[in-house]
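A quick note: this is a predicted structure, and the numbers were derived from the prediction, not measured. Only this structure's heavy atoms are used, side chains among them; waters, hydrogens and symmetry mates stay out. We count ligands from 1, going down the list as the structure has it; atoms in each ligand are counted the same way.
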Amino acid sequence: MRLSRYFLPVLKETPAEAQIVSHRLMLRAGMIKQSSAGIYSWLPLGYRVLQRIEQIVHEEQQRAGHIPMLMPTLQPADLWRESGRYDAYGPEMLRIRDRQDRDMLYGPTNEEMITDIVRSNISSYKDLPLTLYHIQWKFRDEMRPRFGVMRGREFLMKDGYNFDLTKEDALHAYNRHLVSYLRTYERMGLQAIPMRADSGPIGGEDTHEFLVLAETGESEVFYDSAVTDLTFGDREIDYDSVEQCQSILKEFTSRYARTDETHDEAVFAEIPEERRRTARGIEVGQIFYFGTKYSEPMGATVQGPDGKPVPLHMGSHGIGVSRLLGAIIEANHDDKGIIWPEGVTPFHVGLVDLKPGDATTGSACEGIYAELAKASLSVLYDDTKERPGAKFATMDLIGLPWRITVGPRGLANGKVELTSRRTGESVEMSPEGAIRRLREVYAAHR
Ligand code: ATP
Ligand code: MG
């Protein structure tokens with residue numbers, strides 16, 4: 001993409017309305033524009049990151065054997081009357097009446113709708129296990145939308161639902177989700193710690209929230225610092241293996257890590273003092289097992305092996321896709337701007353022509369631009385007439401992890417500069433060498 005033809009409305013001034021750094025940087029980098037409280041347009045740069053995050057979520061869900069689909073945003077109230085949640089949900093639910101005077105709502109979550117789909121189409125235990133998911137916009141009329149996409153009213157969520165014959169099978173689905181989530185967040189360059197949580201309006205017996213530690217987080221968390229040493233890495237997972245999923249769950253949840261809702265001072269006090277931590281965290285996902293809470297009232301049963309009807313055991317599992325942009329920026333920035341982890345960066349590399357209008361730098365840039373495309377590396381090519389200082393400031397603000405700088409002095413020796421946004425280190429190398437380096441770096445993020 002040539003910057004001269006792109007739409008990147010960066011702001012020079014720090015917007016006054018933004019209280020936290022991720023919100024400020026998303027506005028300054030021209031990623032989002034507020035349309036009304038808690039509702040945003042995703043401008044091209046923000047949209048690219050959102051799509052990267054969605055892509056990783058899709059890949060990891062499907063790796064775990066979960067099936068993608070898409071349900072509508074608008075739902076009939078009658079479904080929610082069946083579960084009893086139409087009255088229970090409260091003012092966070094946006095209620096709408098259509099021209100036929102039918103009560104509708106903009107879905108805050110989809111347990112009822114997916115239960116209806118499954119009950120209408122599945123009748124035998126032989127059709128199980130089944131996990132369906134979608135990535136769809138949700139609406140919750142939050143009392144205090146704030147912090148940009150972090151607490152929006154309209155926000156993008158991945159929500160998945162498992163249907164199983166027994167509690168045991170459903171708990172395997174729960175464990176499988178926990179494992180796939182660990183992998184998902186790590187691919188985005190985030191450490192998200194599973195913490196015992198409270199089930200809230202979804203209801204249920206078992207639940208973990210995934211929290212990214214950050215000063216600006218809305219949740220108070222308590223943990224044993226040993227949990228922060230755990231990494232998932234590139235281990236091979238057999239998602240059908242009950243033992244393997246269980247042992248990973250154990251590994252990642254046996255140390256104390258809880259939100260304030262489930263915090264227990266007495267248990268916390270047993271951790272050696274030097275490992276006791278109180279901090280703040282951003283909730284980027286949550287998994288629930290809730291048994292037959294929806295299947296019983298909604299009559300979602302299958303014929304079991306003995307021919308008798310059995311209510312389905314269910315769970316639901318959410319990832320805050322749009323909130324993740326904020327969380328990633330909170331965890332990856334400096335005073336110049338964003339520092340995207342390679343896994344989610346909107347462009348793999350920035351290309352800067354230091355002397356626009358000059359025939360040598362121009363043709364070198366064109367050559368590199370074409371070679372990067374051949375190597376399937378996405379590039380934002382600053383071919384504008386701006387001064388070098390302004391170009392660097394924009395590149396630093398939007399946070400591409402790598403930058404190739406092309407200037408007349410280096411070119412005289414056949415060299416360009418490859419710069420890491422994270423370390424600030426620059427290395428002079430041939431254009432081919434720089435492209436080879438980038439191919440190697442990104443091979444690990446595909
Ligand atoms: P919170 O406690 O932050 O209000 P929640 O527990 O009500 O969230 P869930 O029902 O667990 O939310 O939804 C799954 C995920 O969706 C959350 O973990 C969070 O990452 C994201 N999410 C929830 N509400 C919002 C919101 N208002 N704006 C952006 N993302 C949200
Ligand atoms: Mg939650």
Legend entry - Any side-chain heavy-atom pair of Leu249 and Tyr174 under 4.5 Å: yes

Inset, instruction - Please check if the distance between the ring centroids of Phe347 and Tyr6 is under 6.0 Å. - result: yes

Legend entry - Gly152-ligand 1 polar pair, N/O distance under 3.5 Å: yes

Inset, instruction - Record the part of Arg140 in heavy-atom contact with ligand 1 below 4.0 Å; permitted values are side chain, backbone, both and neither. - result: side chain

Inset, instruction - Check if Met150 has a non-hydrogen atom at a distance under 4.0 Å from any atom of ligand 1. - result: yes

Inset, instruction - Compute whether any side-chain donor of one residue and acceptor of the other, for Glu425 and Ser420, lie under 3.5 angstrom apart. - result: no

Inset, instruction - Measure Glu283 to ligand 1 on non-hydrogen atoms and call it side chain, backbone, both or neither using the 4.0 Å cut-off. - result: both

Legend entry - Row check, Phe392 ring normal vs Arg403 NZ/CZ: under 6.0 Å, within 45°: yes

Inset, instruction - Please confirm whether Ser322 comes under 4.0 Å of ligand 1, counting heavy atoms of the residue only. - result: no

Inset, instruction - Give a yes/no verdict on whether any heavy atom in Val284 is under 4.0 Å from an atom of ligand 1. - result: yes

Inset, instruction - Around the Mg ion (ligand 2), list the protein N/O/S atoms within a radius below 2.8 Å, excluding water molecules. - result: Glu283 OE2, Gln286 OE1

Legend entry - Interatomic distance, Lys250 atom NZ to Asn175 atom CG [nearest 0.5 angstrom]: 10.0 Å

Inset, instruction - With heavy atoms only and a cut-off of under 4.0 Å, state how Arg151 meets ligand 1: side chain, backbone, both or neither. - result: both

Legend entry - Contact partition for Val149 relative to ligand 1, non-hydrogen atoms under 4.0 Å: backbone

Legend entry - Arg95 to Tyr86 six-membered ring, cation-pi geometry met (6.0 Å, 45°): yes

Legend entry - Enumerated ligand 1 atoms positioned under 4.0 Å from heavy atoms of Gly285: 18 (O), 20 (O)

Legend entry - Over-ring placement of Arg153 relative to Phe155, 6.0 Å and 45° cut-offs: no

Inset, instruction - Taking only Lys NZ, Arg NE, NH1 and NH2, and the carboxylate oxygens of Asp or Glu, determine whether Glu82 and Arg119 approach each other closer than 4.0 Å. - result: yes

Inset, instruction - Classify the contact between Lys138 and ligand 1 as side chain, backbone, both or neither, using a heavy-atom distance cut-off of under 4.0 Å. - result: neither

Legend entry - Side-chain donor or acceptor of Arg85 paired with backbone N/O of Tyr89 under 3.5 Å: no

Inset, instruction - Indicate, with yes or no, if the rings of His263 and Phe268 have centres closer together than 6.0 Å. - result: yes

Legend entry - Salt bridge present between Lys138 and Asp159 (N-O < 4.0 angstrom): yes

